[in-house]
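Here is the structure we will look at, set down as structure tokens.
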Amino acid sequence: MPLVGFLALSAALFSSLYALLSCIALVRRAPAASTRAVRLAVQATAVFTTLASATLLYLLISRDFQVVYVHEHSSTHLPLLYTISAFWAGQEGSLLLWFWLLTVLAVLVMRAQDLPAALWPHTLGVMAATNAFFALMLIVTSNPFVTYVSRPAEGIGMLPALQNPGMAIHPPLLFFGYAGYTVPFAFAFGALASGELNPAWLRAVRRWNLLAWSTLGAGILIGAWWSYVELGWGGYWAWDPVENASLIPWLLGTAFVHSAMAEERRGTQRSSNIILATLCFVACLFATLVTRGGIVISELHGFAQATQPIAYLLVAAIGAALVSMVVLMRRRMPELRDLREVQSLISRDASLVLLNLLFVGAAASVLLGTIFPSLVQAIRGNSISLSTSFYNRAVGPLLMAILILMGICPAIGWHRMSHNEQSHLIRLVAVALASLVLALLLGVRQVFVLVSVAACTFVAASIVSLVWHDLRRWHSQSGASAVTILQMLRQSRARHGAQLVHLAIVLIAIGITGSTAYKQEALVNLRRGEHIEVARYTIYYEDLTMQELHAEPLTYQSRLRIAATLGIESSGSRRRTLTVEKSLHYALDMPVTEVAIYSTLRDDLYVVLNNLSQDGVISLLVAINPLVNWIWIGGALLLLGTLIAAWPSRPSSAARSETCPS
Amino acid sequence: MAQHHRPDSSVKVSSHLSAMTYMQNRRSKLLITGGIIIAVFAWLLISTLRGATTPYTPVGQIIANGPSNALVRAVGNASDIVWDTQTTSLRFVISDEGGSLPVVYRGVRPDLLVDGVRTVVEGRYLAGGTLTANKLLLECPSKYQEE
């Protein structure tokens, strides 16, 4: 059975190489070239990777521990959900998942109606080359189908911290985002190579771009949520290299969403679009280099790992992508000139340029922080660490500036600011200042919070007034009933989807501000029957239970579970029960702590069982994390907004090409 | 987006030549602004990098340097880990080739902190011969390396 998987991978390598060669033949107009060969080969590749993936899934579910990957990541007592998610619990499986997504995307791109014909062979050629690269990487460095000589009786199993629904869906979303960013790159390459640099390629890539951007964003947020509910340190973002690696393509991708809009609507930022599409793709490969290559020092993920073979392949791929795009861009430079100049520094054209500078700057700072300790070690030989204050101070202000721009940009004209818009902006600033004064009166003294309050109010006011303005205009135009307003909303989906995304970012900013600035922590001891007050909560220690689970056979599941029941009371609400627990896993030789969270819109009560002493005293860490829920609510709205903006609609695409000024 | 389209006014200039200089002026203005932004940004980055780095110091050297208020970072193997219920703090010893250092930490006891595991501590070596840590980082053991 494992042999089937390996053969399928090998077949996928050959079929993707065949697709690549057929694409090259098409570009060179070779007599034997045919689009049919490309279509067949691209589809065959997807069939082969599906077969390989199905094989791995089957091996996992049938618990064939002779396969090294199955042995290392699953065990007999592992629930079905996590047996399936073991597929992407390790390097080999997650690369296979990424590869499978790539080959499916290649088929979808091939079938897309709006891919300009001139781009077709180039774009599919890039997709086929990426497919071939992944097949090669899997076969050479990360074959998931390696077997032992003899069959072990039991698997090692999945780490308890990974057995969480968040961890079951975080990696696939992330890999979908990573795979998705191959499409804009392939389109950009196609546009450059074919010389068809009109905005048609951007219009065709728009939906793919939003898809990659939103899944990557959702993946990052779910990863943060997992870290918050599972790891028990009370936070959701640690600026760890592995987290940073996924944030970099998202920041670049956000810049790309905006510069693509600028070119589609205005014919500006044309070379930025090519550059950003390339950087997004490269950043996704770089993310794998960080997590799997062993070149970056990560304190949480091992100290001095040796450089892995996969690192050389990834560096070669990154180099090839960058060099080919630089060569192509040099050739097309005159054709990439913007169709209009930016007229005024205070205009939507200019602020979009500034916005993208800020996003790229933020991505560059995160990159610098991620590789800085490794750079110092490589150059000067001494080991240093970079504290998170670097990110707070270097990236924080940039993100704040981006937030403020989010309020300004949609409120001013494309080429310059009119008097009306100027007075509108002044009103918005007045509202923001009023909120600032209010915050001061309420006793807020931290500069970061004050700036954040003013910025969030400013942006929220800007969004609300914009939507209100639209509604009023439609109302006066058509004397509209609710039904026609709904129709209008549907027609301007992109515009209002974007506003919803912006509002979601404001909510996330509020959540981050509250939980960073007003976090409270207390270490407390309780005997049974005692209670203690922390902030607005009263915590009663009610009961303690111990129970042995899955004692035989010995796997990661075998454990002694110690659970303390706590009664929670807050002013005006009824008493609730929270259970904090610690499991002593026999196979792990260490405890595994489960966090208990009582979550409200106002704050989260976050309790960790720190210690249980011989005399029955439990030590708890009690944290109050204000407003943290708004981060997750914002995340959901962000997805919803993107979905609204990206949902395909035929009439609106015709309308778009009419209003497009190019 | 289609709904929000403002009428576009083209640049009003009398001749082609003045249009060129007009554009060039705009362009240089933009370039200067961009240059200033990038310069400020680079300065911000470098100054923050300086302030945010802490060197790793061998345990022996921390002891030799004596008590000080400076932040230090040390890495070593943890041993004698106890939770002190009275003071709600974690006490343990980290050792490297050059010596051993008692550490006290007030906070969550990490699951990964077990005897013999490589541990990073960051804090201040104050009078009394104990390192008061404000940060505790654990290396994931080899079986954890996948994630």
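A, B, ... follow the sequence lines: proteins, then strands. Residue 1 opens every chain.
Rounding to the nearest 0.5 Å places CH2 of A:Trp233 at 13.5 Å from CG of B:Leu136.
Considering only heavy atoms from C-beta on, A:Ile384 stays 4.5 Å or farther from B:Thr54 through its side chain.
With a 6.0 Å radius and a threshold of 12 heavy atoms from other residues, nucleotides or ligands, A:Ile346 has its CD1 atom at or below the threshold.
Contact of A:Leu231 with chain B is not made at all, since no heavy-atom distance falls under 4.5 Å. Both the backbone and the side chain of A:Leu523 come within less than 4.5 Å of a heavy atom of chain B. At a 4.5 Å heavy-atom cutoff, A:Leu620 makes no contact with chain B through either its backbone or its side chain. For a residue to count as touching a neighbouring chain, one of its non-hydrogen atoms must lie under 4.5 Å from one of that chain's; by this rule B:Arg50 does not touch chain A. Neither the backbone nor the side chain of A:Leu358 comes within contact range of chain B; no heavy atom of the residue lies under 4.5 Å from a heavy atom of that chain. Using a 4.5 Å cut-off between heavy atoms, A:Phe390 contacts chain B through both its backbone and its side chain.
With hydrogens and angles left out, the side-chain atoms of B:Thr48 and A:Arg393 include no donor and acceptor closer than 3.5 Å. Counting only N and O atoms by type, the side chains of A:Ser613 and B:Trp83 include no donor and acceptor under 3.5 Å apart.
The greatest number of non-hydrogen atom pairs below 4.5 Å with chain A, out of B:Thr57, B:Leu49, B:Thr88, is found for B:Leu49. The most heavy-atom pairs under 4.5 Å with chain A, out of B:Arg106, B:Lys135, B:Glu122, come from B:Arg106. Ranked by heavy-atom pairs under 4.5 Å with chain B, the first of A:Gly361, A:Ala350, A:Ser94 is A:Gly361. Counting heavy-atom pairs under 4.5 Å between each of A:Leu398, A:Val608, A:Leu609 and chain B puts A:Leu398 at the top. Interface remark: of the candidates A:Leu621, A:Asn611, A:Asp615, A:Asn611 forms the most heavy-atom pairs closer than 4.5 Å to chain B.
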What donor-acceptor contacts under 3.5 angstrom involve side-chain atoms of residues 108-116 of chain B, with partners at least two apart or in another chain?
from     : atom 1 : to       : atom 2 : distance (Å)
B:Asp111 : OD1    : A:Thr593 : OG1    : 2.5
B:Asp111 : OD2    : A:Thr593 : N      : 2.7
B:Asp111 : OD2    : A:Thr593 : OG1    : 3.3
B:Asp115 : OD1    : B:Asp80  : N      : 3.4

Starting from the C-alpha separation in whole Å, work towards a yes-or-no answer on side-chain contact (heavy atoms from CB on, under 4.5 Å) for A:Phe372 and B:Thr53. CA-CA 10 Å; A:Phe372 187 69; B:Thr53 51; 3.5 Å; yes

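Along residues 63-71 of chain B, no residue comes nearer than 4.5 angstrom to chain A, judged on non-hydrogen atoms.
Side-chain atoms of A:Asn525 come within 3.5 Å of backbone atoms of B:Thr85 as a donor-acceptor pair (strictly under, hydrogens ignored).
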